[in-house]
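Here is how names work: the chains are called A, B, and so on, in the same order as the sequence lines, proteins then strands, and each is numbered from 1. As a basis for the values below, the full set of heavy atoms in this structure was taken, side chains included, without hydrogen atoms, waters or symmetry mates.
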Amino acid sequence: MAYEPVIGLEIHAQLLTKSKIFCSCSTLFGAEPNSHTCAICMGMPGVLPVLNRTVVEYTIKMALATNCAINESCNFARKNYFYPDLPKGYQISQYAQPLSEHGYVDIEQNEGRKRIGITRIHMEEDAGKMIHDEHMPSSYIDLNRTGVPLIEIVSEPDMRSSEEASAYLKRLHEILVYLEICDGNMEEGSFRCDANVSIRPRGENAFGTRTELKNMNSFRNVQRALDYEIKRQQYILESGQAVIQETRLWDDSQGVTLSMRGKEEAHDYRYFPDPDLVPIVIDESWVAEVRKNLPELPLEKRERFMRDYQLPSYDAGVLTSSRVLADYFENVANLSGKPKAASNWVMGDILRFLNEEKREIKECPILPQSLAEMIQLIENGTISGKMAKDIIEEMYRTGKPPKTVIEEKGMVQITDEAALAKTIAGVLAANTAQVEQYRGGKEKLFGYFVGQVMKATKGKANPQLINDLLKKMLTAS
Amino acid sequence: MKITKEEVEYVAHLARLDFSEEEKVKFTSQLNDILMYMDKLNEADTAGIEPMSHAIALQNAFREDTVKDSLSHELSLSNAPEARGPFFRVPKVIE
Amino acid sequence: MELHQLTIHELQKLIRSKEVNSSEIVKSVFKRIDAVEGSVHAYITLMKEHAFEEAAKADRCIREGNIRALTGIPVALKDIVCTKGFLTTCGSRILHNFIPPYDATVVDKLKEAGAVFTGKTNMDEFAMGSSTETSYFGITKNPWALDRIPGGSSGGSAAAVAADECIASIGSDTGGSIRQPAALCGVVGMKPTYGRVSRYGLIAFASSLDQIGPFTKDVEDCAIMMNVIAGHDPRESTSVPLDVPDYTAFLSRGIDSFKVGIPKEYFIEGIDPEITEAMRGAMKAIEGLGATCVEISLPHTEYCLAVYYIIAPAEASSNLARYDGVKYGFRADDCKGLLDMYKKTRSAGFGAEVKRRIMIGTYALSSGYYDAYYKKASQVRALIKRDFEEAWKHCDVILTPTTPTPAFKIGEKMDDPLQMYLSDIFTISTNLAGIPGISVPCGFTRQGLPIGAQFLAGHFEEGKLIQIGAAFEKHANAKQRRPNL
Ligand SMILES: [Zn+2]
């Protein structure tokens, strides 16, 4: 039987605010344990939370970027459970009234564009970290992360393959990073993903029993875990057994998902509205204010690049993969007036240089103006494309503008017709036998002459000009 | 019976409380009395009434996103029943 | 008269005229504490050394002419407000060793006004109780009859004022925990409007009901204390950003044109006849002062207790989840793993009443019961609030007894939670609606036990309560008697 996977993702993204969601402790990663903590985020008796306004703003941003409806009024609820990394014994989250609901994003698949529904986006606080001792029956608790703001983005069960899930995950990641509200670092845990997976016979409408997958801390692992889990469920169904609804952890080293059975108990979170926090009312003017400052989103930018710069879809995709790269390209394209050339240089040499050194585009030593200038120098024939390859390498190495590099290396292309004609005349005089043969019909020798002229000019001559002059002088007899 | 001894045990577990058999019996009976009394609420007509979660209706109480000093490390851990280095220590979860 | 017997305003006069200084007042108060604390047991922790240091500082301020609202005045704090560097137990074993790293906002404000703290007063564990019998640190006695309870949960703060072991004190009121002990101990106690006095640093029992307020020897002192502690606090989201009037300005306004509502639902069977009688006297007195008494109706009164005993435990079950033996407070020994540590710590750290309420609250919020209990109670709560809004169309303030009976005997209701809960029957609706209330002494039973009259007003109308309280108090002349200790 052919099975169809049904996948929904729950994404937690840490927001890039300076301070925590309900207190003024720093959110910086990597501090000494329990040093970014205060009475409030440690859940001391008597403390009260006050909401960081920027958290609301960032969440509205994400809601707008994913086409969600923003609820006029929303509130916080307490999710009650005991765990040592949760100092209050409850997590402040949103439950019955989240900030936003009913959104979507589009993903590109080979078969075309597909819309993935977003159920809700809500705000909540992160928990602390627990470190388990391998030798002693002890766990150690660091509360620095407690109270770092999170948004949870819950998708509809709209994905039908691990590829779709991966594309959706990348799309959300890209949007969050574009909005500059999350650094998207999966290894440090600032962007986390859980998945709900079930399978059903193709054509069936009812959902199968789902499992929840956790602990997938890279894009690759999400796809691997989903592929494994889909196969596992398929095997179970094909052997006539039933899938058990449970939480499973991805084990990266073994490449399998493992049941958490027994380690987890029935959840009864006893949600109720948090009496210590007041409703958040978001009026149209606040939404308009945030919308006004919303950057162009990756998909829009991609489409605009294809339309305005006539770029192929692949180029537009690469160039908009980050906001800084897209800005870099646009600068070069606009300053040079040659978008296709700009795209070729950025995607080719620039990205190759950066990749080799594992550097980011914002660290690129070549300023967009310099690259644009270089493109113009090729266009007006001052340098050849071949020379440009050497020049750009020097520019990357030194950070110098192209004109300086050209001057220092004496690399200006010979465009003086008279001077070049003189050189050609010399080449022809030194190769009388070949000239005879050429004129006798052996036209293949033309390339030989070009090579000789290039050699004589040390590659500095404009190839088009060489061609034109050679042709003229060889036929002129 | 509004609440059985088994339910009392379940609720006690949710609340991370332990009771002796004797206490369980006593609690079950006391909770039953109290919950029976609560049944009175069913007489009140609440159709279309918004639940009230705050005594005074306020909205949008915010703080600005600024970092202030955290507690000193020593003060953070000063009340800890058990600390190890910069950490709080707890016994491991037994599976 | 001795210094410890005087009121804030009386002492202030003596301080301003340089007849006494703070050190002398503090000395007098601690002498009194030495004499009677053994029989009353109003305090969990005394801050004697600190008090004398602060008194010396206050004396320097007095000499420099820098006299603020409470400069040099000895004030006691219920052991539910956090005091930086001083033990704060909330009457519980689970916090028996907790030293907060910060001061509650109300503590900041009192310090700022120059108050000198005498100590932390006894209370029902986590403010859950009406008798101060559930404290891990022993029972507080009623100064008027040592075999009786002082009321609760702020019994220590009420008894300390009644026994002159401080000049004024701070309590907290979730369902009557200031007004009920004030009535039973014959002092003035006010529960302000929800959001008027900051809850920051008040150890939470039921967050949507808790409110801090003062215990004083008379209504004028109540106005002085309110001037110090009221006001918006950016550290609390539910703190109300409104200006605070000068409450002392209401003291001598009289109640000439006041309409005083008498809710018919509050004069029910089960009220002690002597209290009914005292209420009749109070109505007559009020009319004699120029006000008119009108009958009003608060039709949902009969549901108050049920609503309260769902909402308060539900919030409490969540508020008390943080006491898990990890970050502070008590942790049980010999634990086999994490779950065992949680259960042993919480079972040994909390007393029976606290556990009972955690159980009720956890049950009311648990899967399948939320709608029937918590949601239903929150809806009826809205109806109760609406009753009051309707009432204010017909009257300025409401008069009720503060308690259905005078102080009962120690141990009398400990094994019957429902009977104990019934002692809050007249005070609970105030917290549910978020309105302010004051209990003012209103005479004595034939046995010599104090009786309290409760006045209620609309949101942020504490001024009206000061106004009628001051007029009524002058008339009732309740200050004449003192407990015989
Ligand atoms: Zn903090």
(request) Would you check if the side chain of Lys336(C) reaches a backbone N or O of Pro91(B) as a donor-acceptor pair within less than 3.5 Å? (result) no
(message) Apply side-chain contact (heavy atoms from CB on, under 4.5 Å) to residues Val8(B) and Tyr363(C) and explain how you reach the verdict.
(response) CA-CA 8 Å; Val8(B) 167; Tyr363(C) 178 77; over 6 Å; no
(message) Within this structure, what is the CD1-CG distance for the pair Ile360(C) and Leu35(B), rounded to the nearest 0.5 Å?
(response) 7.0 Å
(request) Find out whether Pro241(C) and Leu58(B) are in side-chain contact, i.e. whether some heavy atom of one side chain is under 4.5 Å from a heavy atom of the other. (result) yes
(request) Could you tell me which non-hydrogen atom of Pro81(B) sits nearest to which non-hydrogen atom of Gly329(C), and how far apart they are? (result) CG-O, 3.5 Å
(message) Under 4.5 Å from any heavy atom of chain B, what part of Lys385(C) do you find: side chain, backbone, both or neither?
(response) side chain
(request) Of all the heavy-atom pairs spanning Lys376(C) and Asn42(B), show the shortest one and how long it is. (result) CE-CA, 4.2 Å
(request) Please state whether the side chain, the backbone, both or neither of Ala433(C) comes within less than 4.5 Å of a heavy atom of chain B. (result) backbone
(message) Are the side chains of Val90(B) and Asp324(C) in contact, using a 4.5 Å heavy-atom criterion?
(response) no
(message) Under a 4.5 Å cutoff for heavy-atom pairs, which residue among Thr238(C), Val326(C), Val307(C) has the most contacts with chain B?
(response) Val326(C)
(request) Between chain B and each of Tyr421(C), Phe98(C), Tyr303(C), Tyr194(C), count heavy-atom pairs under 4.5 Å; write down the option with the most. (result) Tyr303(C)
(message) Looking at every heavy atom in both Val11(B) and Met359(C), which two are closest together, and how far apart are they?
(response) CG1-O, 3.6 Å
(message) Has Ser347(C) got a side-chain atom pairing as donor or acceptor with Asp18(B)'s backbone, closer than 3.5 angstrom?
(response) yes
(request) Check each atom of Ser237(C) against the heavy atoms of chain B and say whether the ones under 4.5 Å are side chain, backbone, both or neither. (result) both
(message) Determine whether a donor-acceptor pair (N or O, by modelled atom type, separation under 3.5 Å) exists between the side chain of Asn79(B) and the backbone of Pro100(C).
(response) no
(request) Using a 4.5 Å cut-off on heavy atoms from C-beta on, say whether the side chain of Met52(B) contacts that of Gln379(C). (result) no
(request) Kindly give the heavy-atom pair with the smallest separation between Ile56(B) and Gly434(C), and that separation in Å. (result) CD1-O, 4.3 Å
(request) Go through the atoms of Phe62(B) and report whether side chain, backbone, both or neither lie under 4.5 Å from a heavy atom of chain C. (result) neither
(request) Tell me, for Leu305(C) versus chain B, whether the close heavy atoms (under 4.5 Å) come from the side chain, the backbone, both or neither. (result) both
(message) If you count heavy-atom pairs within less than 4.5 Å of chain B, which of Lys355(C), Met341(C), Lys375(C), His459(C) leads?
(response) Lys355(C)
(message) For a 4.5 angstrom cut-off between non-hydrogen side-chain atoms, does Arg63(B) reach Arg235(C)?
(response) no
(message) Can you tell me which portion of Glu50(B) sits under 4.5 Å from chain C's heavy atoms? Options are side chain, backbone, both or neither.
(response) backbone
(request) Answer yes or no: is there a side-chain heavy-atom contact under 4.5 Å between Arg356(C) and Ile34(B)? (result) yes
(request) Measure Asp340(C) against the heavy atoms of chain B and call it side chain, backbone, both or neither at under 4.5 Å. (result) neither
(request) Could you tell me which portion of Glu302(C) (side chain, backbone, both or neither) has an atom closer than 4.5 angstrom to a non-hydrogen atom of chain B? (result) both
(request) Test Asp45(B) against Leu383(C) for side-chain contact (heavy atoms from CB on, under 4.5 Å), laying out the working first. (result) CA-CA 9 Å; Asp45(B) 179 9; Leu383(C) 294 175; over 6 Å; no
(request) Check whether Glu43(B) gets within reach of chain C through its side chain, its backbone, both or neither, counting any heavy atom under 4.5 Å. (result) both
(request) Could you tell me which portion of Ser239(C) (side chain, backbone, both or neither) has an atom closer than 4.5 angstrom to a non-hydrogen atom of chain B? (result) backbone
(request) With the side chain counted from C-beta on, respond yes when Leu339(C) and Arg16(B) share a heavy-atom pair under 4.5 Å apart, and no when they do not. (result) yes
(request) Check whether Phe460(C) gets within reach of chain B through its side chain, its backbone, both or neither, counting any heavy atom under 4.5 Å. (result) side chain
(request) Against chain B, label Ala352(C) side chain, backbone, both or neither, depending on which of its atoms sit under 4.5 Å from a heavy atom there. (result) backbone
(request) Find out whether Tyr342(C) and Leu17(B) are in side-chain contact, i.e. whether some heavy atom of one side chain is under 4.5 Å from a heavy atom of the other. (result) no
(request) Check each atom of Tyr308(C) against the heavy atoms of chain B and say whether the ones under 4.5 Å are side chain, backbone, both or neither. (result) neither
(message) Can you tell me which portion of Phe350(C) sits under 4.5 Å from chain B's heavy atoms? Options are side chain, backbone, both or neither.
(response) side chain
(request) Heavy-atom distances under 4.5 Å only: say whether Asn60(B) touches chain C with side chain, backbone, both or neither. (result) neither
(request) Can you tell which part of Leu71(B) gets under 4.5 Å to a heavy atom of chain C, answering side chain, backbone, both or neither? (result) side chain
(request) Can you see which heavy atom on Ala55(B) is nearest to which on Arg381(C), and at what distance? (result) CB-NH2, 3.8 Å
(message) Just so I understand: if I count every heavy-atom pair under 4.5 Å between each of Ala61(B), Ala15(B), Ser78(B), Ser76(B) and chain C, which residue has the most?
(response) Ala15(B)
(message) I need the minimum non-hydrogen distance between Arg89(B) and Arg331(C), along with the two atoms involved.
(response) O-NH2, 2.7 Å
(message) With a 4.5 Å cut-off on side-chain heavy atoms, are Lys92(B) and Leu338(C) touching?
(response) no
(message) How long is the straight-line distance from CD1 of Ile49(B) back to OG of Ser378(C), given to the nearest 0.5 Å?
(response) 12.5 Å
(message) Report which part of Leu31(B) has an atom under 4.5 Å of a heavy atom belonging to chain C: side chain, backbone, both, or neither.
(response) side chain
(message) As an exercise: rank Gln30(B), Lys26(B), His54(B) by heavy-atom pairs under 4.5 Å with chain C and give me the winner.
(response) Gln30(B)
